[in-house]
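These values consider heavy atoms only, across backbone and side chains, with no hydrogens, waters or symmetry-generated copies. Along the sequence shown, the residues carry numbers beginning at 1.
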Amino acid sequence: MRQGRSGLGDLESAVMEQLWALPEDGWLSVREVHERLVDRDLAYTTVMTVLDRLAKKDLVGRERAGRAWRYRAAATRDQLTAEVLQSSLEPLAPDDRKAALLSFLDNASADDIDVLRAGLAEVERKHGR
């Protein structure tokens, strides 16, 4: 399975997209996810396996609904993306982390830099820095 930028495979990403499209308190059964992925021509059991794997990775929450399971995303897309970025930087030595961040910034667009500046200002206000 090809890995996407989020560390998820193509099918895992497609399933997560369906869960992220729900309201915060929304849940979907395997059947409902399967029906929403009709354009992918997947077996029901394939969707069930993917959801089970995502639950074991703690990327989705699940609860019993009668004999079936219902699923929802454990975190928002933004939260998952931030977690992937943080886990990529975490094992690096301070100088390597600095180099990686500076390399990222050197390749960022002007719009991205503006977003980062505004975000940094917001974080500094929030934390009283």
Side-chain angles (χ1 to χ4, degrees):
M1 183 179 297
R2 197 185 81 192
Q3 293 291 309
R5 292 182 197 162
S6 64
L8 298 173
D10 282 343
L11 188 49
E12 290 174 326
S13 293
V15 168
M16 289 302 297
E17 289 298 330
Q18 299 310 311
L19 299 175
W20 282 324
L22 297 173
E24 193 172 315
D25 60 348
W27 294 82
L28 289 176
S29 68
V30 175
R31 182 157 316 283
E32 290 167 327
V33 174
H34 181 254
E35 289 169 356
R36 290 171 182 229
L37 296 171
V38 67
D39 60 318
R40 295 187 71 111
D41 193 32
L42 300 167
Y44 174 89
T45 54
T46 300
V47 175
M48 182 172 57
T49 300
V50 170
L51 283 163
D52 183 61
R53 189 170 51 230
L54 290 169
K56 287 177 180 169
K57 292 179 180 181
D58 293 326
L59 294 174
V60 301
R62 68 178 169 185
E63 69 176 18
R64 277 279 185 197
R67 293 178 38 200
W69 288 101
R70 294 184 334 152
Y71 296 85
R72 72 174 176 189
T76 66
R77 181 185 293 109
D78 294 345
Q79 290 167 332
L80 178 60
T81 301
E83 187 177 304
V84 168
L85 291 172
Q86 288 169 340
S87 67
S88 297
L89 292 172
E90 190 175 287
L92 298 178
D95 286 345
D96 293 336
R97 184 180 305 178
K98 177 182 175 182
L101 289 168
L102 291 174
S103 178
F104 172 79
L105 291 172
D106 194 40
N107 293 305
S109 70
D111 289 342
D112 288 342
I113 297 292
D114 289 343
V115 168
L116 289 168
R117 279 192 182 114
L120 182 57
E122 184 178 325
V123 168
E124 288 177 336
R125 277 192 303 278
K126 185 194 290 186
H127 296 283
R129 294 181 189 161

Q: Enter the distance from D111:CG to L116:CG here, rounded to the nearest 0.5 Å.
A: 11.0 Å
Q) Closest heavy-atom contact between L92 and A100? A) CD1-CB, 4.3 Å
Q. Rounded to the nearest 0.5 Å, what separation is found between the CG atom of L105 and the CD1 atom of I113?
A. 5.0 Å
Q. What distance do H34 atom NE2 and R31 atom CZ have between them, rounded to the nearest 0.5 Å?
A. 8.0 Å
**Q.** Point-to-point distance, once rounded to the nearest 0.5 Å, from CG of L51 to OG1 of T46
**A.** 11.0 Å
**Q.** Minimum side-chain heavy-atom gap L8-L54 below 4.5 Å
**A.** yes
Q | Heavy atoms of other groups near E63 CD, more than 12 under 6.0 Å | A | yes
Q: With rounding to the nearest 0.5 Å, note down the distance linking CG in L89 to CZ in F104.
A: 10.0 Å
(Q) Tell me if a side-chain donor or acceptor on S88 pairs with a main-chain N or O of V84 at a distance below 3.5 Å. (A) yes
Q: Step through the shown structure and confirm whether more than 12 heavy atoms of other residues, nucleotides or ligands are within 6.0 Å of CG on D41.
A: no
Q) Rounded to the nearest 0.5 Å, how far apart are CD of Q79 and CD of E83? A) 9.0 Å
Q. More than 12 non-hydrogen atoms from neighbouring residues, nucleotides or ligands closer than 6.0 Å to CD on E122, yes or no?
A. no
Q | Side chain R64, main chain R67, donor-acceptor under 3.5 Å | A | yes
**Q.** V60 side chain near M16 side chain, heavy-atom distance below 4.5 Å
**A.** yes
Q | Candidate pair L11 and L42, rule side-chain contact (heavy atoms from CB on, under 4.5 Å), full reasoning | A | CA-CA 10 Å; L11 188 49; L42 300 167; 3.3 Å; yes
Q | Path from L85 to V115 over hydrophobic side-chain contacts below 4.5 Å | A | no
Q | Ionic contact status for R72 with D25, cut-off 4.0 Å | A | no
Q.
Under the criterion salt bridge (charged side-chain N to carboxylate O under 4.0 Å, His left out), I'd like the reasoning laid out for D95 against K98: C-alpha separation, chi angles, the key distance, then a yes or no.
A. CA-CA 5 Å; D95 286 345; K98 177 182 175 182; over 6 Å; no
Q | Heavy-atom side-chain proximity of R62 to D52 below 4.5 angstrom | A | yes
Q | Side-chain heavy-atom pair W20, L80 within 4.5 angstrom cut-off | A | yes
Q. Any side-chain heavy atom of M48 sitting closer than 4.5 Å to one from T45?
A. yes
Q) Any side-chain heavy atom of L22 sitting closer than 4.5 Å to one from W27? A) no
Q: Side-chain contact test, heavy atoms from C-beta onward, threshold under 4.5 Å: evaluate it for R77 versus E17 and give yes or no.
A: yes
Q: Over all heavy atoms of both residues, which pair between L37 and V47 is shortest? Give the atoms and the distance, please.
A: CD1-CG2, 4.4 Å
Q. Just wondering, do L59 and E12 contact through their side chains at under 4.5 Å, heavy atoms?
A. no
